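Following: one structure in structure tokens, then a few remarks.
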Number of protein chains: 2
Amino acid sequence: MSVDAVRVPGRRGRPGHSVDSLLDGAVALFNERGYEATSMDELAARLGITKSAIYHHVPSKVELLRLALDRALDALFAVTQEAGASTGPAIDRLEYVVRGSVRVLAAELPFVTLLLRLRGNTEVERTALQRRREFDRIVTGLVRAAEHEGDVRTDVDPALVSRLLFGTVNSLTEWYRPGGDLSAEDLSDAVVTITFSGLRTTPG
Amino acid sequence: MSVDAVRVPGRRGRPGHSVDSLLDGAVALFNERGYEATSMDELAARLGITKSAIYHHVPSKVELLRLALDRALDALFAVTQEAGASTGPAIDRLEYVVRGSVRVLAAELPFVTLLLRLRGNTEVERTALQRRREFDRIVTGLVRAAEHEGDVRTDVDPALVSRLLFGTVNSLTEWYRPGGDLSAEDLSDAVVTITFSGLRTTPG
DNA sequence: CCTACCGATCGGTAGG
DNA sequence: CCTACCGATCGGTAGG
């Protein structure tokens with residue numbers, strides 16, 4: 001993602017940081033210490049530059065937060081758009097959104113992690129939370145449609161099914177680390193198996 | 001829980017706050033703003049007392065955190081102890097732990113929420129995270145036992161099943177609010193149904 | 001002398 | 001990108 005903290009031939013001045021490489025460091029710190037508890041001095045120390053150097057690239061601390069949250073949200077909405085383009089059964093589109101969300105979560109882990117930890121203290125956070133709720137509405141719509149098509153159980157409310165389903169997906173940020181033994185593909189398979197078919201063996 | 005910010009007959013001095021009522025206010029603020037981002041002045045303002053009055057009851061900010069985390073962890077470990085006393089099938093003990101965890105989560109929501117948002121920046125947080133990992137090991141052991149008894153599917157690793165299961169349970173803190181339309185009992189039923197049997201209708 | 005605080009201020013550090 | 005700063009606020013403690 002951020003391989004651009006390097007010399008670009010033909011450009012003047014010091015190599016220095018780009019907004020992207022700066023964003024990677026900021027998001028890592030926000031996730032470690034919390035957004036509000038992270039100081040710009042800490043971020044500067046982490047990046048090996050001064051606080052003022054950061055303000056050369058971005059106008060404020062909250063703008064770093066906005067850029068990070070938009071990156072996660074844009075990737076998640078791209079998944080719902082891809083799923084919406086299909087005309088197949090709603091249960092298949094739901095599975096597509098679950099697999100796509102796991103893929104985005106693995107590919108953009110720090111950004112999705114930050115998104116899921118929002119408290120809504122600032123205006124930027126509240127705007128991001130609105131977009132999250134819009135994502136939830138889309139998923140709930142898919143669950144409801146799949147229920148009407150007879151592919152989802154009717155003894156649990158679709159909104160509740162949707163919340164439990166994405167509760168499971170979102171909880172992956174708490175422990176999943178790409179590059180380990182478990183690939184994002186294998187993780188997707190396990191998540192779909194457990195959430196769609198349950199952990200219990202069919203009795204009998 | 002904290003009804004003791006009232007006059008106790010026979011005691012001298014002002015009624016004032018108890019450690020328990022103080023803890024309720026502290027945990028509410030910690031969850032809103034984050035532990036590190038919460039100042040003792042904010043807490044004092046919220047409680048309608050001075051900062052010095054807080055230090056009359058507790059020696060430090062981190063002691064408030066410790067008390068809150070221990071309350072959540074003690075309640076969760078009580079559930080595993082109750083489940084461990086049973087000699088029935090492991091799948092039944094697993095269900096007991098899931099239902100008990102949902103009950104604790106609903107009854108002690110602010111305290112469990114705080115526990116699940118730990119970053120591990122302080123020694124107190126790291127100690128609490130160790131106790132959480134011990135809880136996870138107990139649950140994984142139950143899943144493994146239930147698998148050996150033929151009641152849990154064998155195509156997903158027990159540690160992964162355990163993580164997905166408690167990912168679902170823990171995600172309840174993100175949206176569940178007691179006192180609404182959904183009782184903790186109904187929520188338990190839905191969680192057990194979805195996690196044990198899946199959201200999909202059995203094909204055919 | 002007790003419990004339950006208050007008004008003021010300490011040495012350091014925050015975001016900008 | 002740096003040095004040199006600002007208004008304010010941090011967790012914690014003094015005497016009464």
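Chain letters run A, B, ... following the sequence lines, proteins first, then strands; residues in each count from 1. Worth saying up front: this structure is predicted, and the values here are computed from it rather than measured. Atoms considered below: every heavy atom in the structure, side chains included; atoms not considered: hydrogens, waters and symmetry mates.
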Greater than 12 external heavy atoms within 6.0 Å of B:Asp181's CG = no
Between D:dC2, C:dC5, D:dT13, which nucleotide has the shortest distance from any of its atoms to the side chain of A:Ser52?
-> D:dC2
Do A:Leu65 and A:Leu114 have side-chain heavy atoms sitting under 4.5 Å apart?
-> yes
Lys/Arg-Asp/Glu bridge criterion (N-O < 4.0 Å) met for A:Arg46, A:Glu42 | no
Tell me: CG of B:Leu43 to P of D:dC10, nearest whole Å?
-> 12 Å
Short side-chain N/O contact from A:Ser39 to OP1 or OP2 of C:dG15, under 4.0 Å | yes
Given A:Arg131, which of A:Leu76, A:Asp70, A:Leu69 fulfils the side chain to side chain contact (heavy atoms under 4.5 Å, CB included) condition?
-> A:Asp70
Is any side-chain N or O of B:Lys51 under 3.5 Å from a base N or O of D:dG12, one able to act as donor and the other as acceptor?
-> yes
Is the distance from OP1 or OP2 of C:dC5 to the nearest side-chain N or O of B:Thr50 less than 4.0 Å?
-> no
Taking the same atom, C1', in D:dA4 and in C:dG16, what whole-Å distance lies between them?
-> 13 Å
Quickly work out the A:Leu65 CG to C:dG15 C1' distance and round it to whole Å.
-> 15 Å
Is there a donor in the side chain of A:Thr168 and an acceptor in the side chain of B:Thr168, or the other way round, less than 3.5 Å apart?
-> yes
Gap between atoms CD1 and P, on A:Ile54 and D:dT3 respectively (whole Å) = 14 Å
B:Glu36 CD to C:dG15 P, straight-line distance once rounded to whole Å | 12 Å
Please give, in whole Å, the distance from C:dG16 P to A:Lys61 NZ?
-> 7 Å
Protein-nucleotide distance (B:Glu63, atom CD; D:dG12, atom C1'), rounded to Å = 15 Å
Quick one: is B:Tyr55 getting a side-chain N or O under 4.0 Å of the D:dT13 phosphate, OP1 or OP2?
-> no
Among C:dC6, C:dT3, C:dG16, which nucleotide sits nearest the side chain of B:His56?
-> C:dT3
Roughly how many Å is it from CG in B:Leu47 to C1' in C:dA4, rounded to a whole number?
-> 14 Å
Quickly work out the B:Leu22 CG to C:dA4 C1' distance and round it to whole Å.
-> 13 Å
